[in-house]
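Here is the structure we will look at, set down as structure tokens.
Within every chain, numbering begins at 1; the chains are lettered A, B, ... in the order of the sequence lines, protein sequences first and strands thereafter.
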Protein chains: 2
Amino acid sequence: MSKKDGKYLTTGEFAKLCKVNKQTIFYYDQIGILSPVKKNEKGYRYYSIHQLELFFVIDLLKDLGMSLNDIQQYMQNKSPESFLSIMYRKKEEIVKKRQEIEMKEKMIEAKISLMEEASHLEFSQVTLQPLPEATLYLSRNIQNISDEKFVEVISDFINELQISQLDSGYPIGSITKREQVLKGEFSNYSYLYIEQPNPKEGHPYFRAVKGDFLIGYHVGSEKTISHTYERFFSEMERLHLVLGEYVFEEFIYDTVVQNDKEYFVTKIMMQVDRG
Amino acid sequence: MSKKDGKYLTTGEFAKLCKVNKQTIFYYDQIGILSPVKKNEKGYRYYSIHQLELFFVIDLLKDLGMSLNDIQQYMQNKSPESFLSIMYRKKEEIVKKRQEIEMKEKMIEAKISLMEEASHLEFSQVTLQPLPEATLYLSRNIQNISDEKFVEVISDFINELQISQLDSGYPIGSITKREQVLKGEFSNYSYLYIEQPNPKEGHPYFRAVKGDFLIGYHVGSEKTISHTYERFFSEMERLHLVLGEYVFEEFIYDTVVQNDKEYFVTKIMMQVDRG
DNA sequence: CTAGAGTATATAGTAACTATATAGTCAAGG
DNA sequence: CCTTGACTATATAGTTACTATATACTCTAG
């Protein structure tokens, strides 16, 4: 504090209250977005408490994605009207940002519960379980599709997930039809899907499933998945079951948590009927 | 798409779906956080759909303040366990971030309503109005305080605002006692305050005010505020009122919306009793 | 077989800090 | 009064995570 003149803060004090590096305060002075109210003959800077409020506003705008350049534009040309119009714009942006954060929070929760669940699984077992109804967001049909078309369909699917905020954090799964499974074409999928724990209204591409499933896990890359299907088939025979209409596959451990393909884990849910 | 080998995405396609610049994808390959599953003899990169999920996770982590360096550390050493522990950490962080966003949203709303209100005010008028009870968060006493002590008290006040999330977006105001006002010491404040529209439990320094107030506005810098006080005093006399215990001052237009001090506007709320 | 759209690498530039080096200032204690 | 240590200042270089530009190779469609 300068003795001769009232209630001012030095650069260090000001920076501390702003919770930023002192250099940042110099920098803001340099680029002209926040200059001290006073500068003494030795070049020492002095800030007022009201400038603290200005800093907090700058910080708010910066946080909402405004560049220092744009902030500087405003600072050169302050007015209550333009401030108000910026606030209205930022209000819209922050609402969007809050919604994104809320969605990401849900995504993280989903990942946590998936990983916790996975850590208690016995990957070598195949079990018969009834599955409750679930809502899935499906891609367009991708059976026997050309590579070019595949890219197009996948792009639309992924884009829709992002635009309509359908990425729940659950894995992207695939659906194969009985016919293809019986022919041994385990990777000739008919649809991709993502589960929607809290389905939104107004989306046409949903489909619910419910019924008895043989559930088991394939450890290793997709190329060796036929071995696991064989185990499913013997189990089906042993339990006198017949293959239902669809098989669902979901990655449990994939490239997100494993570098080595040979340790990837795929969950296989095979719809079955009692023969 | 490569023809010879299944369902892969080129760098361009992949970048588009990730909604980032193609260069960013190169960069991620270069620093080793996301390398294509395949690279052909010409050096062309091919990505799988599962790598899209990996990109979304990277983006999520980045969004939550994780540096690419830290992300790379994880990617070199992936495991379900470490992924889970990162998710638990990020879950805490995102909750905090959501709360911050929610507070900032409220701050913006407050600024908007303050500015809208201000734009309809007639700054030249002094009016008698009853004010409802309001909750204020007060600083420690700053009357007749030394400059060093002042900085200390203000620092504590500002820090508490930030730690306890008391910055409602309303202006920081000052309270002057009758005695000082009568002596003409208009800037010898006793407290600083910030209004709390939704007061939190467990904060000791709150104080409610309620009663009749003379309300008017001072246009210009603090140095000339005595002129405006004179107008208040004549108005008080005219209405047969006597000065109450406290006077409240709040900046309506300050350095946030005006560059020229001469156009700053201070709202003065003078507690009065019917003589 | 050529045009144009795509791929690659390499290098430089950007925003918003952040760190480092060098030097001047100031208040408190011996 | 002088020194010490904590502050202030400027100037410059480095950092992160891109982003743009330049140059060259490749692939597909007409």
Side-chain angles (χ1 to χ4, degrees), chain A residues 1-5 8-36 38-47 55 58-73 75 146-149 151-152 155, chain B residues 1-5 8-47 55 58-75 146-149 151-152 155:
Chain A
M1 284 282 303
S2 139
K3 264 233 170 99
K4 53 191 118 138
D5 207 341
Y8 295 111
L9 302 161
T10 64
T11 311
E13 290 162 349
F14 191 73
K16 210 169 181 179
L17 286 176
C18 295
K19 302 201 184 321
V20 297
N21 202 305
K22 203 160 67 175
Q23 305 294 349
T24 304
I25 301 299
F26 289 137
Y27 181 59
Y28 283 8
D29 183 12
Q30 194 185 312
I31 64 175
I33 69 172
L34 179 51
S35 298
K38 273 200 180 171
K39 228 173 165 174
N40 75 8
E41 64 283 358
K42 307 284 180 190
Y44 278 41
R45 292 169 177 80
Y46 296 101
Y47 294 86
F55 178 88
I58 290 170
D59 201 47
L60 177 67
L61 294 175
K62 198 161 54 70
D63 227 63
L64 297 174
M66 201 160 168
S67 74
L68 294 193
N69 215 307
D70 288 352
I71 293 173
Q72 202 255 9
Q73 291 301 309
M75 292 301 158
S146 74
D147 287 356
E148 293 76 22
K149 262 289 184 194
V151 170
E152 198 192 304
S155 299
Chain B
M1 285 282 305
S2 139
K3 266 232 167 96
K4 54 191 124 146
D5 205 341
Y8 294 111
L9 302 160
T10 64
T11 311
E13 290 162 349
F14 191 72
K16 211 168 180 181
L17 285 175
C18 295
K19 302 198 185 321
V20 296
N21 201 306
K22 203 160 70 173
Q23 305 294 349
T24 305
I25 300 299
F26 288 138
Y27 181 60
Y28 283 8
D29 182 12
Q30 194 184 313
I31 64 173
I33 68 172
L34 179 51
S35 298
V37 269
K38 272 198 183 171
K39 228 174 166 175
N40 75 9
E41 64 283 357
K42 307 284 180 188
Y44 278 39
R45 293 170 177 79
Y46 296 101
Y47 294 86
F55 178 89
I58 289 170
D59 201 46
L60 178 67
L61 293 176
K62 198 160 54 70
D63 227 62
L64 297 174
M66 201 160 168
S67 73
L68 293 192
N69 213 307
D70 288 352
I71 292 173
Q72 201 254 11
Q73 292 301 309
Y74 167 72
M75 292 300 160
S146 74
D147 288 358
E148 294 76 24
K149 261 289 182 196
V151 171
E152 199 192 304
S155 299

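- Spacing between atom OH of B:Y47 and atom P of C:dA8 amounts to 8 Å, rounded to whole angstrom units.
- Ring geometry, A:F14 versus A:Y47: the interplanar angle falls under 30°, so the pair is classed parallel (tilted spans 30 to 60°).
- Residue A:K22 contributes atom NZ, which lies 13 Å from atom C1' of C:dA19 at whole-angstrom precision.
- When each of B:Y44 and A:D29 is assigned the nucleotide of DNA chain D with its nearest heavy atom, A:D29 is the one assigned upstream, toward the 5' end.
- Look at B:K39 and you'll find a side-chain N or O under 4.0 angstrom from OP1 or OP2 of C:dT9.
- When rounded to the nearest whole Å, the span between OH of B:Y27 and P of C:dT11 equals 16 Å.
- For the pair A:T11 and D:dA9, the criterion of a side-chain N or O lying under 4.0 Å from OP1 or OP2 is met.
- Between A:F55 and A:I25 the shortest side-chain heavy-atom distance falls below 4.5 Å.
- Heavy-atom distances to DNA chain D give each of A:Q30 and A:G12 a nearest nucleotide, and the one nearer the 5′ end belongs to A:G12.
- At whole-Å resolution of the value, CZ in B:F26 and C1' in C:dA12 are 17 Å apart.
- Using a 4.5 Å cut-off on side-chain heavy atoms (C-beta onward), B:D59 and B:C18 make no contact.
- Rounded to whole angstrom, the span from the OH atom of A:Y46 across to the C1' atom of D:dC7 amounts to 10 Å.
- Among C:dA10, C:dA16, D:dT8, the nucleotide with an atom closest to any side-chain atom of A:L68 is C:dA16.
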Apply salt bridge (Lys or Arg N to Asp or Glu O under 4.0 Å) to the pair B:K149 and B:E152, showing each step before the final yes or no.
-> CA-CA 5 Å; B:K149 261 289 182 196; B:E152 199 192 304; 3.7 Å; yes

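- At whole-Å resolution of the value, CD in B:E148 and P in D:dC7 are 14 Å apart.
- Contact annotation: B:Y28 reaches the phosphate of D:dC18 (side-chain N/O to OP1 or OP2, under 4.0 Å).
- Dashed line: the shortest gap from a side-chain N or O of B:K42 to OP1 or OP2 of C:dA8 is not under 4.0 Å.
- Proximity of A:K39 to A:D29: side-chain heavy atoms (C-beta onward) are separated by under 4.5 Å at one or more points.
- Look at B:R45 and you'll find a side-chain N or O under 4.0 angstrom from OP1 or OP2 of C:dA8.
- In this structure, B:T24 does not reach the D:dA17 phosphate: none of its side-chain N or O atoms is under 4.0 Å from OP1 or OP2.
- At a cut-off of 3.5 angstrom, counting only N and O atoms as typed in the model, there is no donor on one side facing an acceptor on the other between the side-chain of A:E41 and the base of C:dT25.
- The distance from atom CG of A:N40 to atom P of C:dT25 is 10 Å, rounded to the nearest whole Å.
- At D:dC18, one or more side-chain N or O atoms of B:K62 fall inside 4.0 Å of OP1 or OP2 (strictly under the cut-off).
- Atom pair A:N21:CG and D:dT10:P shows a separation of 15 Å (rounding to whole Å applied).
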